[in-house]
Structures are given as C-alpha cells and as structure tokens.
Amino acid sequence: MKNKISIILILFISILLYSCAHRNEPYWDSQDEKSGNIEKQVRRLLEKTKTFQNSSGLTITYPYNETVFPPEITAPVFTWKDTNKNLSRWLITIEFNNQRKPIYAFSNEQAWAPSKSVWKIIKANSVQGQAMVSVTGYTGKDAYTVISQDMIRISTSTDRVDASIFYRQVKLPFAAGKKYFKQIKWRLGDISSEAKPSVVMENISVCASCHVFSKDGTRFSMEMNYRNDSAAQFITSVSKKVELTQDDFITWDDFPRPEILPETRGLFAKMSPGGKYIVSTVNEIAYMALTSDPAFCQLFFPTYGILAWYSVDEKTFHPLPGADNKDFIQTDPTWSGDEKYIAFSRTETRNEYHEDITNIQIKIEDTDIYELNKKFPIQFNIYRIAFNDGEGGTPEPVKGASFNGKSNYFPRYSPDGKWIVFTRSRTGIMLQPDSELYIVPSGGGEARRMRCNRALFNSWHSWSPNGKWLLFSSKVNTPYTEIFLTHVDENGVDSPPVCLSQFSDAMYAANLPEFVNIKPDAIEKIVIGEK
Amino acid sequence: MPREGVMKRKHIYWIIAVVMLSGCGMLRDARFRMNYGPVQPVDRQLGATVPGQVSFVDDVQPILNNRCDVCHGCYDAPCQLRLTSFDGLDRGGSNVLVYNATRLLPDKPTRLFIDADSTEQWRKMKFHPVLNERDQTEEAHLENSVLNLMLQLKKDNPLPQTELLPGDFDLNIDRNETCATAEEFKKYKKKYPLWGMPYALPGLTEKEHQTIVDWIKQGARAYVDVEASGQALQVIDQWENFFNRSSLKQQLVARYIYEHLFIAHIHFESLPDREFYRLVRSKTPPGEPVDEINSVRPFDDPGVEPFYYRLRRVNSTIVVKKHTVYHMTRHKMSRYEELFFSDDYEVEKLPSYKTKTAANPFKTFADLPARSRYQFILDDAHFFVMCFIKGPVCRGQIALNVINDHFFVAFFDPDNDTISNDSEFLSGVSDYLSIPSEKKNNIRIMSIWYEYSRKQKKYLEAKEKYLVELNPDNIGNNINYIWDGDGHNDNTMLTVFRHFDSATVVKGFVGGIPKTGWIIDYPLIERIYYLLVAGFDVFGNFGHQTETRLYMDFLRMEGEKNFLSFLPKDIRRQILADWYKGAKAELSDSMHNSFHGLERRTGIIYETDDPKKEFFEKIMEHAGSTNIFADTLNRCADENDVNQNVGHNADAGVDEDRVEHALQKLACIHGPQIQIVPDVTFLHIVTGIPERDLAYTVVRNKALSNNSFLFGESRRRIIKDDSLTIVKGHLGNYPNAFCRIPVERIDQFVDEYGKIKDKLSYYYFAKEFAIGRTHPDFWAEADWHYRKFLADSPVEGGQFDLNRFGRISEKADMEFAW
C-alpha cells in the first residue's frame with residue numbers, strides 16, 4: 001500500500017514538473033530544421049492568417065511598440081489583451097529583419113515568456129533591425145479560425161546598462177510610524193539577473209529616503225532619521241556589509257536656522273558625483289496632506305526653503321549664495337556631472353497655505369489629489385546656478401523648463417552634462433498623476449516630451465552612469481509604482497520603455513530608484529550599528 | 001464592602017487631603033511666623049526725606065514708572081498691583097480680577113485712593129502685601145517682600161537671549177494670573193523660574209535693581225509730598241468756590257459738570273504741565289483735607305449731606321491709557337457762566353439720586369437748557385469721546401467690537417439741530433432715552449435688551465415725527481447742520497481707531513476715507529457718555545457689562561444713520577447694506593430699528609459719484625480754520641496717486657520730508673498682508689541727531705462685514721479691505737510693536753514692509769527693524785518713545801501700557817517627525 005501511494009505521488013509530481021517545464025508553451029524555431037507537430041500547427045495557422053483581414057480585439061500590451069531592450073536584460077513577459085470571447089489559444093510570431101528565420105510559440109493564456117535561449121536569439125537578431133512580434137488569436141483545435149491579431153516591433157540596443165539599481169519598496173498608502181517603516185525594503189539588483197533584486201536593508205524602524213551614490217560607486221549617502229533626528233543623513237563607503245555608526249551621520253540641523261522655523265529634515269539632499277559635497281533644501285517649511293487615494297496618497301511640497309551645501313571633508317555647512325533668497329522656495333537640487341552647476345526648482349513662497357506656520361499640521365483629507373491640487377496649486381521653475389566651490393552665483397531659469405504655465409521639477413543632468421531630464425505636471429512637485437518626463441538641453445532650449453511617458457505618473461528618474469539609459473517610475477499598470485527603463489540616444493531621443501517587472505512586487509510600490517555604479521552584490525546588507 | 005462603606009472611605013480620603021493641604025499652608029505660614037514674626041501693618045510714611053537714604057520719590061518711583069507701570073498701571077494691572085504710586089505698592093496685590101466677564105454678582109470696588117484709606121482696610125479687602133510686614137529686619141525685608149523676590153527671580157533667571165520670546169510666557173491679557181505671596185513664593189519660583197519681574201521683558205539694570213533692594217532693606221518707607229503748591233491752592237480755591245455755590249441752579253450745574261468730569265484729569269492752565277486734579281465729592285468742605293465719597297458711579301447717592309465738590313490732586317504716575325485731560329483754561333469759568341447762567345431759566349427743585357432718575361440725564365438735568373448742555377459737551381467733544389475710549393469700559397475684544405476699526409465723527413450744529421436745542425422735546429421723550437445703567441446689576445439680559453430696543457424705537461419714531469413736523473417740505477439737513485467749531489474750536493471732527501481690544505480717538509479726520517461715519521447730536525452723545533462712562537461699573541456683573549455692550553449697538557447705528565441722512569436718499573439703503581453685510585446682520589439691523597429718519601431727502605447737493613467721500617470732504621471744508629489736522633500722509637487713491645503735498649511741509653526738516661514721502665506708500669497697502677502686522681506699531685526714525693529723531697505710528701484697520709454681533713468676529717472679516725493709517729507722533733495707548741529705522745533706510749523699511757505676506761516674512765522684517773521683547777535695547781527704545789511723547793504732548797502725554805506688546809512670532813512647530 002505504501003508503495004502504491006509513493007508511486008502515485010511520484011507520478012503526480014512528475015506531471016506537475018512537466019507542466020511547469022512547459023509553462024512557456026511549445027515553440028518552434030523555424031531556423032532549426034528539427035520540427036514536429038508544432039510546425040504543422042504553425043504552418044496551418046499561417047495559411048489561415050494570410051487571408052485574415054480583421055485584426056480587432058487584440059492589443060499587445062507589453063512590450064510597447066518600438067521598445068528598445070538593453071542587451072543584458074532578462075526576458076520580459078509578452079502580454080496582450082484580447083477581448084474576443086472563447087479564444088483560448090494564441091500564436092506568437094517573432095520575425096527578424098535579417099535572414100534569420102522566425103520563431104513561433106503558442107500560448108493558452110494572454111501572456112508569453114520566452115525561454116532564456118529564445119530570448120537570447122531574439123535579442124541577438126534585433127540589434128541591426130527591429131524584430132516584429134505578432135500575436136494571433138484563434139479558435140478550434142482543428143479548424144484554426146483566426147479571430148484576432150496585433151503586432152509590434154522591438155529592438156535591442158548595443159548599449160549596455162552596466163549598472164545596478166538601488167530602490168525602495170513601500171506599502172501603500174504611505175504612512176508614518178515605526179510599524180510602517182519596518183515594512184519598507186531596500187533592494188539592490190541588476191536587470192540581467194533572473195532573480196529578484198536582493199533586499200539589502202529592511203526592518204528599519206525609522207524613515208529613510210533620498211539617496212545618492214558617488215559616480216565611482218565608492219560612496220553613498222542617504223537621508224535617514226537617526227536617534228530621533230529627522231535631519232540626519234549618512235555618508236559612508238560602499239561595502240558588502242555596511243554597518244552605520246554615529247560617525248557616519250551628519251545632521252542638517254547644524255545649519256543655522258532662524259528660531260521661527262521648524263526643524264529641517266535636509267529635504268531632497270543630493271551628494272555630488274565626486275562625493276565631496278552634499279546640497280540640500282534647509283530651513284524649509286513643508287505642506288503635507290494625506291489623501292484617501294492609496295495611489296496618490298499625499299500632496300507634499302515645501303512652501304519655503306533655501307539651498308545649503310555641506311563639505312564632506314571639512315564637515316562644514318554653508319548657504320548657497322544665489323539659492324538662499326528668502327522670497328522663494330528653492331528645492332530639489334541636482335548636480336551636473338562635473339559639479340560645476342546645480343539645477344534646482346524654484347518658485348515664490350507659499351506660506352499662506354498653512355493656517356499657522358508656527359503650528360504646522362499634517363492634514364488628513366477625505367479627498368483625492370485632484371481636489372487638493374485645485375486648492376493648493378504650486379508651479380515650480382527649474383533654475384541653474386553655478387556652484388563655484390560654494391560661492392554660488394546668480395540663478396538663471398532654464399529655458400524650456402521654466403515659466404511655461406506648468407510645474408517643472410526633479411531635474412537630473414545626463415552624465416555627459418548635455419541634457420536635463422525633468423518632470424512636468426500642471427502643479428506640484430511630487431506624486432502627480434499627470435506628471436511626464438521632458439528632456440531639454442542643459443543650457444536651456446526647447447524641451448521635448450519624452451516618448452517613454454506612460455499614461456499615469458512618470459517621475460523619479462535616474463541616468464545610468466554611461467548616460468545611455470534612463471530609469472523612471474510609473475503607475476500606468478498599477479497603483480504600486482513600477483520601474484521602467486528607456487534608451488536615450490546622443491540626440492536625446494528616447495524609446496518606449498521597458499518595464500522592469502522583476503523589480504516589482506504586488507502590494508509594494510517601488511520608488512526612489514537610482515542607477516548606481518556598483519555590482520549588484522557590492523552591498524549585501526545595511527544595518528544600523530549599536531554605537 | 002458595602003456601598004455605604006466605600007462612600008465613607010472616599011469622604012475620609014477627601015477630608016484627609018484637604019486637611020493635609022491646609023496643613024501644608026498652615027505649616028508654611030507657621031514657619032514664616034517663626035522665622036520672621038507675625039504679620040502686622042507697618043506705618044511706612046516718613047515725615048521727611050532722610051538724607052543719605054534711598055528716596056522712594058526721587059530714586060525708586062522713577063524706576064517703577066519706567067519699568068513696572070507699563071503693566072501695573074491701571075485696572076488690569078496684574079494681581080491688581082498698582083505701582084503708579086506708593087499707596088498702590090503699599091496696598092499690594094489681590095487674586096480678585098477687576099475685569100471679569102463671568103461675574104454673577106458685582107464685586108466690591110477696589111479703587112486706589114477711593115475705596116479704602118489705610119493698609120489695614122486693604123488687607124480686609126483681601127489684598128496681600130508685596131512689602132515686608134513681619135519683623136522689621138533687613139533679612140525679613142528681603143525674604144518677605146514679593147517685590148524683592150520677583151526682581152531677584154528675574155536677576156537669577158534673566159530673559160533668554162533668544163530672538164523669539166519663549167513660549168513659556170503667556171501674553172494674553174486674560175491669562176490666568178498667579179499672585180504669589182511671599183509665603184507661596186518658593187513654589188512659584190520652582191514652577192515659573194522665568195516669571196520674574198519685569199514679566200516677559202528684559203530685567204532691570206544692576207543699578208536699578210540695587211536701588212530698589214537698598215530701599216527695601218531700609219524698610220520700604222516713603223515721604224510723599226501730597227500738598228498742593230501755593231499757586232495751585234489759589235486755583236483750587238477759586239474753582240471749589242465755583243462748584244460749591246448754594247443756589248439750586250448753581251448746585252444743579254455743579255452736579256452736571258461733576259458727573260461729566262468725574263474721571264477727568266483736570267489740568268489748570270496756570271499750573272505745571274504734569275500737575276492734575278480730579279473733581280470729587282467729599283465729606284469735607286474746602287479748606288480741609290479731602291475725604292472722598294466712594295460712590296461707585298457719579299450719580300449714586302453720596303449718602304452724606306452736605307457734601308462738597310473738591311479738587312484732589314492726582315498723585316499717581318500718569319499712564320496715558322487712562323489719562324483723560326480736561327483743560328481748565330482761564331476762560332473756562334466764564335464759559336460756564338455763559339453757558340449755564342446767562343439764560344433765564346429756573347431750577348425749582350433739585351433732582352433726586354434715585355437711580356431711575358439719576359441714571360437718566362434727560363430727567364436729572366431737564367431744567368438745564370439742552371443747548372447749554374450740548375455746547376458744554378461740544379466745547380470739549382474730544383475729551384468726552386476720550387472718556388469712553390479711555391474709560392474702564394473700553395477693554396477687551398467684545399467690548400470693542402461694537403465699533404468699526406476706523407471711522408470719522410462729526411457733530412450736529414447746536415444752532416441748527418433743533419433736537420439738541422429743544423429741552424421740552426427731550427424732556428418729553430426722556431423715558432425713551434433711559435439706558436440700561438439704571439437697572440444696576442442683573443442677569444435678565446434678553447428681556448432688558450428687548451425693553452430698551454423698544455424704547456429706542458419709540459424715541460426714533462418720536463424724533464422722526466418731530467422732524468417731519470419741523471420740515472414739512474421733507475428736505476433734510478444741509479452742511480450747515482454740521483458744527484463748524486464756531487470758527488475757533490478744533491473739536492469739530494474726530495477720528496476713532498479700534499485696535500482690536502482697545503481704541504484711540506484723535507482730533508481731525510485722520511487716515512483714508514473710512515467705511516462708516518457718525519454724526520452725533522446731543523441726545524446721542526449724552527446717552528453714550530452715561531452708558532459707557534457715568535453709568536458703567538467696571539466691578540459690575542456680567543449682565544451689566546453685556547447690556548452696556550448690547551445697548552451701544554443702538555447708539556452706534558443711530559450715529560451711522562444720522563450720517564446717512566446727509567447722503568442722497570437713493571443710496572442710503574445700499575450703503576447701509578454694505579455696512580451690514582450678511583443675512584444675519586440684516587436681520588439684526590431690522591430688529592434693532594428700521595429705516596428711521598432716512599426717508600427725507602438730503603439738503604446737500606452732490607456732484608461726484610462718491611457722495612460718502614464727498615460728504616467727508618465737505619465737512620472738512622465746512623470746518624474751515626478749525627480743521628487744523630489736515631492729513632497729508634494718508635488718502636491714497638491708488639498706488640500711483642501719491643499725494644504731492646507730502647514732503648513739502650515748509651516747517652518740516654529734510655528728514656521729515658523724506659520720511660513722510662516714503663511712509664505715504666504704506667497707506668496704499670490693502671488686503672491680506674495687513675493681517676500679519678500688529679495693530680499699533682510705533683516707529684522711531686533715527687536721524688543721527690537725537691533731538692531731531694522722529695516718531696510715527698502705523699495703525700492697522702481691520703474690515704468687518706458688520707458689527708452686529710458680540711461673537712464670531714473672525715467669520716465677519718473682509719480681509720481684502722484691511723488698510724493702514726500712518727500718523728505722525730504716537731497714536732494708541734497700547735503699542736504692540738516698536739520699529740527703529742535709521743533715516744537712510746526708510747525706503748528699504750517701506751519696501752520690506754510692503755513685502756510682508758506671512759509670519760515668516762514678518763519675522764525677517766522684524767529682524768531688521770523691530771525691537772522685540774527680548775531685544776537688549778528694548779527698554780532704551782521704550783524710554784525713548786515715552787520721552788518723545790512727553791516732549792510732543794507735555795500735558796496729554798503719559799506712560800504707555802506694554803501689556804499688549806506682542807511677540808514677533810511663536811517658534812514654528814511641525815507635527816510630523818519624519
């Protein structure tokens with residue numbers, strides 16, 4: 001009896017394994033002379049497809065048409081939506097623009113994940129020219145009636161990403177408090193890995209947010225509440241195990257602050273590419289309201305603030321002349337690659353949005369971001385100021401990213417200093433549903449809306465160290481923000497993006513993603529030490 | 001355990017707690033007694049100044065004047081500790097509040113110099129000493145003197161040298177007071193280490209502190225010379241004879257004058273600038289020391305027969321907030337003769353002091369010609385309006401919100417306004433002219449309000465009928481119905497400013513064209529005076545105070561409607577609606593009274609499309625040479641419409657020209673940013689030559705949709721209509737801020753002021769120009785303003801009250817720690 005049960009169990013497991021092994025459905029590489037039943041099925045369908053006219057009802061949802069993939073990326077999952085009922089089978093055809101013969105695959109669901117080997121072939125053969133991907137829906141095992149079809153083109157770049165991505169995962173809606181903070185995860189990974197990016201920091205009971213790595217990847221810095229100091233920030237070397245101690249921390253509270261102002265948190269701090277300086281918004285007063293919408297759960301912007309900089313070597317704080325004007329909000333700074341310039345967002349102060357600036361409350365509003373935006377509009381302009389070894393200068397608005405009737409913010413220089421990519425929306429500085437990415441020559445000029453923009457929320461962008469790729473976040477598919485990647489050529493033209501789905505998690509939003517010039521295993525763990 | 005047992009146990013615990021607490025107090029008192037002896041009154045009067053010793057009058061009083069009287073100067077002196085005189089210091093402090101809006105029963109009055117004659121009597125009225133009353137040793141003097149302990153506490157814990165005043169200090173004028181005795185001081189010191197004196201202000205200098213300590217060590221005695229000078233005695237003698245003449249007419253006139261001058265600081269022209277007297281009722285005749293009858297109100301039964309009108313010297317430091325100067329010029333006596341004794345009329349019987357009659361001047365003084373009474377008031381109209389502005393009634397937001405922040409006042413001409421002249425008519429309607437003061441203290445607020453609203457309505461109906469009969473052609477008043485000062489009197493036009501919970505009145509039309517105006521006739525001003533001054537009891541219960549406030553609504557509206565009666569008929573309703581915006585306000589207005597007196601046409605022909613403004617201008621023109629307060633700083637039509645007369649005053653120096661040219665721009669500022677700045681800011685323009693330094697005041701005027709209600713003022717604000725008035729010199733008794741500006745930075749000052757839009761920008765502005773409570777130069781600046789004020793107004797000047805001097809800001813706080 002026992003033996004019988006064992007046999008049945010073994011059989012069952014085998015079937016399961018077999019099914020899993022063939023989850024990716026059968027495929028036929030027509031380049032391969034070996035064929036079988038699948039070939040026959042394909043050929044029969046192709047015959048039917050020749051005469052097929054009407055392609056309604058099927059849309060390939062991913063990849064996007066003309067998506068450019070980096071060469072080292074793992075296989076995506078091709079997805080489509082077919083509204084035709086009673087369809088249960090689709091043929092996926094990958095045709096190449098060279099002599100290489102197509103690849104065919106079947107799927108019983110509206111998704112297909114190519115195997116590693118197939119994906120390798122697709123990438124290799126879509127470099128010189130685009131590959132055409134078509135999906136055909138049909139019914140009837142024997143009749144092969146074609147019902148729907150769609151096609152897209154994809155290609156693979158010769159430009160590698162060659163960088164890891166460091167990012168934060170948060171539950172939604174955003175909240176505060178130890179219990180919430182402990183659920184936040186920090187991950188580090190790269191796009192070539194099949195495995196999910198590793199968690200390098202978690203279970204921290206304090207808030208940690210904006211972070212930057214030095215250009216050479218040897219140092220990194222992050223805002224982190226340390227010993228009840230919301231203005232704390234650490235600067236430390238990259239290593240496998242990072243154990244943070246008091247010596248790693250500075251506090252923006254050491255910057256002189258008029259008594260009337262609340263404590264600063266060193267808002268939107270950015271370490272310079274060389275790791276010598278950090279620039280931040282200080283002396284800020286911020287407006288914050290939590291909404292009833294988990295996807296856009298807060299309206300946040302400073303209503304006052306100036307820029308200050310910190311010398312890592314000398315351990316001193318200084319205002320940045322030209323960006324310390326009390327009549328303006330100066331915030332969201334970023335460094336040019338050569339550390340000669342800082343681009344930042346600026347607009348007139350909005351302290352009137354607070355009922356009483358000496359008693360600022362976080363608002364809990366039973367409304368959505370759209371209504372709040374109407375009540376508290378704010379539009380920023382991007383300025384550029386020479387750093388001048390801390391002497392500052394006269395800020396100049398960046399033409400194309402300023403005074404255009406919109407809010408312009410989150411500027412990021414390309415590593416070669418040629419471009420600035422920034423976020424634009426009707427209002428606000430963060431978490432705006434209509435936010436889109438724009439690219440403008442770094443000295444100002446005509447700003448162009450990037451192709452990579454998705455339908456809902458596009459922001460938190462970061463350049464790869466080689467300047468060929470830009471990652472950003474979007475909520476196009478889900479309220480739980482995902483990370484996307486777009487290729488940018490030497491003319492600043494970008495491509496429809498790649499979705500880095502292995503960086504996503506159900507119930508977690510990925511935010512603050514940054515390209516970092518380190519290997520994905522360069523950091524295994526970040527902990528807060530006892531001292 | 002049975003319930004009864006549990007209850008019994010609880011009772012026992014309570015009893016034990018009470019006993020323990022009482023015991024603690026008793027133990028503490030016993031300890032003091034053991035160490036310093038029992039409490040007993042001390043005779044602190046010296047027969048003469050002792051050479052070589054610290055003199056109270058010469059050494060101590062000046063320090064108290066400049067450092068303590070700024071808060072401890074009047075009815076709202078904290079703990080009722082009045083430091084404006086030795087008597088006040090000797091009297092000590094009390095936990096009983098004078099200003100108490102929740103009082104169900106009236107309190108016994110505690111007026112210094114009036115309601116008690118000795119320290120023992122004050123002790124019986126629950127005043128505790130602030131000077132040592134135990135063993136007369138040096139150690140006991142220091143340990144038992146709250147004055148010393150408070151000063152020492154300040155010295156030990158000086159005001160933190162921070163930009164902003166720490167939040168530990170409560171500056172609310174209605175804050176809970178902690179009136180610690182010497183025995184309780186240890187506890188006070190532990191709980192409030194920063195609350196030494198001066199409270200929330202920099203401490204005394206080392207020298208000032210030591211002077212007071214030395215005086216206390218000496219036993220805190222004083223020689224205070226209260227005798228009048230020989231010259232003064234002559235003047236007093238003359239006037240006391242005038243007021244104490246024997247005929248019925250003379251007595252009635254004397255009573256009338258007394259009831260109208262009882263809170264005056266009378267200044268006799270021939271006497272020194274700082275010598276003032278009060279007209280009082282005394283048990284003793286002229287020639288003997290004054291024994292003042294302490295009736296609460298001037299028309300109360302004196303309770304003594306005979307009594308005498310006497311002149312009693314004011315021996316306290318003059319604080320400007322209650323300094324109501326009445327000028328007894330050398331012509332005054334002959335003026336009184338002319339007003340009251342040249343007409344042929346008889347007084348057959350003196351009126352009684354029964355409240356029903358006495359509280360109603362239209363009954364009491366019916367025998368005196370109405371015109372004489374009116375002219376008597378008009379002669380010093382500014383003084384009489386000042387009486388209710390500076391009187392005890394005028395304190396607190398609810399008391400003050402009966403008036404607009406800024407309005408003009410003019411008067412009916414006594415030669416033309418027959419209402420004011422017609423004694424018979426006024427006597428006939430005297431029942432309708434009675435006021436709630438006759439009801440004394442009660443709590444039937446609503447029924448009393450209803451009763452007097454009906455009376456007011458009847459009066460207005462009677463007045464309307466009278467005027468219609470007088471003017472059957474239905475033509476109303478022309479400009480000649482406005483008093484022009486008879487060519488010489490500058491009391492023709494007044495401007496009233498409200499500063500949230502206090503007010504000021506000045507002569508002339510000062511500031512931009514206000515929203516409202518009042519035209520006052522005799523029955524109106526007499527009722528206002530009796531309601532707010534003669535009949536007001538600051539120690540009265542909440543019913544009395546509320547009824548006073550509510551009745552004032554009627555009088556305000558009557559003054560406003562008198563004003564409207566001069567404007568074109570077809571715009572009156574619209575203007576009235578604009579003054580009383582809001583459905584509730586309209587209802588309130590209709591309940592108070594309807595559109596009385598506003599159906600007749602005006603007798604004025606208007607030529608512009610802004611008749612209200614034109615009417616004010618006509619008044620100024622009509623006043624002619626008596627309009628000596630031409631305002632060139634204000635009246636900004638728009639930002640570009642700079643008054644070309646500013647900065648071209650032939651008598652002004654170059655600096656003054658420059659300053660006024662710059663400051664004029666402030667008058668053009670309107671709207672939301674004004675709610676950030678204080679109500680009253682004193683400016684000190686530093687020229688480099690101290691005697692040429694200049695003083696100005698910036699006054700904030702807050703706009704309301706209406707004044708109809710006691711509460712909910714913040715909901716009735718029309719912020720976009722807020723404005724500023726700039727005045728040369730000092731205006732207001734309670735400055736909220738000081739600014740010190742080098743003359744070369746005056747343009748920068750005006751620019752920065754114009755940029756203030758929130759608390760933060762005000763903070764940065766204040767860093768540049770304000771002298772706040774924590775500023776090391778605070779006292780120097782306060783002293784400068786006081787000296788300057790006295791130099792500019794040697795008779796009317798007095799010490800400012802700093803109880804409402806604000807903090808620049810609270811420190812910002814954010815709820816969320818990231």
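Letters A, B, ... are given to chains in the order of the sequence lines, protein chains preceding strands, and every chain is numbered from 1.
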Q) Using non-hydrogen atoms only, which part of A:Ser209 is less than 4.5 Å away from chain B: side chain, backbone, both, or neither? A) neither
Q. Heavy-atom distance under 4.5 Å to chain B: side chain of A:Asn228, backbone, both or neither?
A.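 Looking at A:Asn228, nothing touches chain B.
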Q.
Quick check: closest heavy atoms across B:Lys755 and A:Asp327, and the distance to 0.1 Å?
A.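 Heavy atoms only, the tightest pair is NZ-OD2, 4.3 Å.
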(Q) Restricting to non-hydrogen atoms, name the atom on A:Thr358 and the atom on B:Lys759 that form the minimum distance, rounded to 0.1 Å. (A) OG1-NZ, 3.6 Å
(Q) If you count every heavy atom of other residues, nucleotides or ligands that lies below 6.0 Å from B:Gln675 atom CD, does the total exceed 12? (A) yes
Rounded to the nearest 0.5 Å, what separates atom [atom1] in [X] from atom [atom2] in [Y]?
X        : Y        : atom1 : atom2 : result
B:Phe765 : A:Lys326 : CZ    : NZ    : 13.5 Å
B:Ser809 : A:Asp356 : OG    : CG    : 8.0 Å
A:Leu261 : B:Tyr763 : CG    : OH    : 7.0 Å
A:Ile260 : B:Tyr762 : CD1   : OH    : 10.5 Å

Q.
So does B:Leu164 get a backbone contact from the side chain of A:Glu259, meaning a donor-acceptor N/O pair under 3.5 Å?
A.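 Yes; at least one donor-acceptor contact below 3.5 Å.
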Q: Could you look at B:Thr162 and say if it's the side chain, the backbone, both or neither that has a heavy atom under 4.5 Å from chain A?
A: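 For B:Thr162, the contact with chain A is made by backbone and side chain together.
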Q: Tell me, for B:Lys757 versus chain A, whether the close heavy atoms (under 4.5 Å) come from the side chain, the backbone, both or neither.
A: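 Only the side chain of B:Lys757 comes within 4.5 Å of chain A.
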Q: Name the option with the most non-hydrogen atom pairs under 4.5 Å to chain A; the candidates are B:Leu760, B:Asp758, B:Ile676.
A: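 Among the listed options, the one with the most contacts to chain A is B:Leu760.
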Q) Hey, which of A:Pro258, A:Ala231, A:Ala208 has the most heavy atom pairs under 4.5 Å with chain B? A)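 Counting heavy-atom pairs under 4.5 Å, the top option is A:Pro258.
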